[in-house]
Amino acid sequence: MNASAGHGASMRIEACGKTFIDGTRALEPATLDIARGETLVLLGPSGCGKTTMLRIIAGLELPDPGGKVLFDGKDMTSVPIERRNVGMVFQSYALFPNMSVADNIGYGLKIRGVPAKERAARVAELVALTNIAGLENRRIDQLSGGQRQRVALARAVAIRPGILLLDEPLTALDAALRDRLRGELNRLLRALGITTIYVTHDQAEAMELGDRVVVMQKGTIAQIGTPRQIYFTPQSRFVAEFIGAANIIESPIENGYLVLPGGRQAIGNDANFPTAVAMIRPETIRVVETGSAPLSGVIDSVSFIGDRQRLVVSGASSKLITVDAPNTVQAKAGERVGLLISPEAVRLLPSES
Amino acid sequence: MSHRSFVWLCLLPLAVVTAAFFLLPMARLVVTGAEGPQGVAGYLAILTEPRYRATLINTVALAAATTIVTLIVATIAGMFLQRHRFPGRAVLIAMLTFPLAFPGVVIGFLIILLAGRQGLIGDVSNRMLGEKLVFAYSIYGLFLGYLYFSIPRVILTIMAAVQKLDVGLEEAARSLGASPWAVQRDVVLPALAPAFVASGAIAFATAMGAFGTAFTLATNIDVLPMLIYTEFTLAANFSTSAALSVGLGIITWFILALARSFSGSAVAAAG
């Protein structure tokens with residue numbers, strides 16, 4: 001095994017854009033490096049180009065001329081998918097309905113001419129790994145959604161792919177199951193340590209699974225970073241609003257303060273801007289007595305969520321401000337409260353986007 | 001009037017029509033078949049009488065060959081037409097399905113124009129080989145005719161089935177390393193199997209029972225419908241033609257049931 005961490009191939013896509021025959025630009029030319037063993041998540045709303053990028057990596061789409069796909073430094077751009085040794089999990093799972101669970105998992109090995117005995121051993125290994133023992137002889141239409149998802153993953157991993165590609169593998173499941181399988185999938189991907197590209201529109205999935213997250217918007221890469229980086233230091237308003245909840249405040253800045261209808265808020269440097277766009281995460285705002293904070297407003301509504309409560313405060317800024325307060329805080333609608341925000345929690349964003 | 005008797009009353013017209021136009025003639029046909037000099041044994045004549053047996057084998061072989069060749073041609077053409085967009089596609093599909101409207105007589109006429117004594121193929125082969133190739137008036141001409149009117153029936157079913165195929169299945173098979181041939185063999189053809197059985201059954205049953213084309217081409221082609229016709233009109237042999245009719249129905253039904261159960265169990269065994 002190679003000395004570097006993880007299994008599988010390293011990957012680079014170079015200036016890969018995609019224009020469809022009808023002229024639609026699905027992906028602006030993009031360059032990305034993915035390390036061996038890394039899990040990279042492509043995150044974005046539908047139509048942002050994430051699936052197109054995945055399909056270019058898989059070999060199901062050709063990039064526009066000039067684009068290149070390299071595995072371990074080797075140019076794979078014109079190599080068809082069947083010779084790229086990628087494992088792929090589809091949103092619909094695309095399990096073969098005419099084969100049993102075991103035959104589905106073993107299909108890639110059968111195609112590769114692996115002897116039946118060895119194949120059975122590998123299938124048994126994956127059945128154990130993905131926790132589907134006892135289902136080997138079932139037909140696909142006898143499986144639940146969660147079981148199908150595991151079979152699809154086992155089938156993709158069975159061929160020991162250089163790169164594992166997952167296209168919204170949890171989207172077809174209901175919410176409770178999705179949360180449980182997300183944790184399971186995370187442990188499995190860590191255990192396998194294969195280079196993985198994971199496409200999703202769900203930011204919670206991206207946060208939990210990704211070593212790095214690529215946030216995409218309208219065919220371009222909006223930001224690349226670790227989950228912490230994209231959460232705490234978004235580089236655009238789009239990223240700030242797409243990842244988690246965010247208060248976006250437009251206001252003039254004077255001597256290092258946002259000047260707001262409900263008071264002033266320090267931003268941690270003494271910049272002067274005619275107007276700026278600032279982001280403040282709801283959980284970084286503390287609700288205090290009106291006198292103890294320079295900024296105050298009136299509580300519009302209180303939603304008790306269980307582990308916390310969400311307050312909507314008006315009058316502090318020109319827009320409503322959302323605050324996530326601990327569930328122990330006593331707060332009533334109509335009450336006037338102070339909002340205490342540390343200067344580091346205020347993130348200035350480029351005002352254009 | 002109670003609700004129940006009202007429902008029964010509504011069913012009455014259906015019952016009358018079914019009895020008058022289906023059950024009674026069928027019963028009469030079955031009875032007639034047993035009224036010949038041999039009695040009920042007349043039914044066995046279709047298997048024991050060498051001439052009838054040969055005709056039966058001929059008919060089944062012709063229908064089977066028509067079905068198989070139709071399925072092959074229609075699958076390739078249907079898959080291509082469904083998956084590709086090109087200028088003239090709509091016109092091509094319209095032309096392929098055009099023969100649906102033709103009666104067997106017209107099909108026979110077309111075959112004569114193509115492979116008859118004054119036909120196109122004869123002309124061309126005469127000029128190129130010095131010999132006139134004429135096969136319209138034989139079982140080969142009949143085969144060509146059946147092919148011509150089976151393809152439209154089958155191709156529409158296949159195209160609908162191809163449209164419903166999940167492209168993801170093919171992509172998944174390819175991602176696992178399957179060559180284009182292996183994808184067809186392991187994924188596409190099994191997924192189309194129900195369409196093959198359904199449309200193949202129609203092609204087979206039509207080829208077993210079609211009469212107009214055979215009658216137009218020649219009166220001495222050995223297929224069951226022609227035999228029934230000659231027994232009935234020329235020999236006035238009512239009981240034999242009735243027995244042959246019932247036999248034709250049962251054999252066709254039996255072969256279709258066999259194909260269906262075979263494909264059903266094949267799917268179950270594979271899945």
Side-chain angles (χ1 to χ4, degrees), chain A residues 21-22 54-55 57-61 79-114 137-143 151-152 154-168 172, chain B residues 71 75 79-90 157-158 160-200 259-271:
Chain A
I21 308 168
D22 61 1
L54 188 81
R55 290 174 67 84
I57 295 168
L60 290 168
E61 303 277 1
V79 176
I81 182 170
E82 54 265 36
R83 284 191 275 122
R84 284 196 185 189
N85 197 34
V86 293
M88 196 156 179
V89 175
F90 294 80
Q91 188 175 345
S92 66
Y93 306 137
L95 296 172
F96 307 130
N98 53 320
M99 298 180 201
S100 68
V101 166
D103 288 345
N104 262 282
I105 298 174
Y107 183 74
L109 301 170
K110 193 173 161 196
I111 286 290
R112 282 164 172 71
V114 175
N137 296 317
R138 290 268 186 96
R139 286 209 319 268
I140 298 308
D141 57 16
Q142 297 170 318
L143 301 182
V151 174
R155 183 179 68 177
V157 171
I159 57 171
R160 300 184 200 278
I163 293 171
L164 186 60
L165 305 170
L166 301 116
D167 186 6
E168 309 240 8
Chain B
L71 283 176
T75 303
M79 196 110 73
F80 180 83
L81 286 171
Q82 190 60 53
R83 289 278 167 90
H84 295 83
R85 295 287 177 270
F86 51 90
R89 174 177 174 272
T157 314
I158 302 272
V162 170
Q163 190 177 21
K164 273 191 264 165
L165 269 186
D166 178 4
V167 183
L169 285 179
E170 291 166 58
E171 294 179 347
R174 290 181 61 201
S175 77
L176 293 166
S179 66
W181 284 113
V183 173
Q184 296 298 316
R185 183 192 64 208
D186 298 334
V187 177
V188 177
L189 295 184
L192 294 179
F196 289 154
V197 174
S199 60
R260 206 164 298 156
S261 74
F262 174 74
S263 78
S265 65
V267 169

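All chains are named by letter (A, B, ...) in the order of the sequence lines, taking the proteins before the strands, and each is independently numbered beginning at 1.
At a 4.5 Å heavy-atom cutoff, B/Ala191 makes no contact with chain A through either its backbone or its side chain. Heavy atoms of A/Arg112 lying under 4.5 Å from chain B belong exclusively to its side chain. Looking at A/Ile81, both its backbone and its side chain come within 4.5 Å of chain B, counting heavy atoms on both sides. When heavy atoms are compared at a cutoff of 4.5 Å, A/Leu95 approaches chain B solely by way of its backbone atoms N, CA, C and O. The part of A/Phe90 that comes within reach of chain B is its side chain, from C-beta onward, which places non-hydrogen atoms under 4.5 angstrom from that chain.
Here the CG-CD distance, from A/Asp167 to B/Glu171, works out to 9.5 Å after rounding to the nearest 0.5 Å.
The shortest heavy-atom contact between B/Leu169 and A/Phe96 is O-CE2, 3.4 Å. When all heavy atoms are compared, the tightest approach of A/Ser92 to B/Asp166 is OG-OD2, 3.5 Å. Among all heavy-atom pairs drawn from A/Ile111 and B/Ala182, the shortest one is CD1-CB, 3.8 Å. Residues B/Asp186 and A/Asn98 come closest through the heavy atom pair O-ND2, 3.0 Å. Taking every heavy atom of both residues into account, A/Glu82 and B/Ala178 meet most closely at CB-O, 3.5 Å.
Per-residue counts of heavy-atom pairs under 4.5 Å with chain B were compared for A/Gln91, A/Met88, A/Arg83, A/Arg55; the largest is that of A/Arg55.
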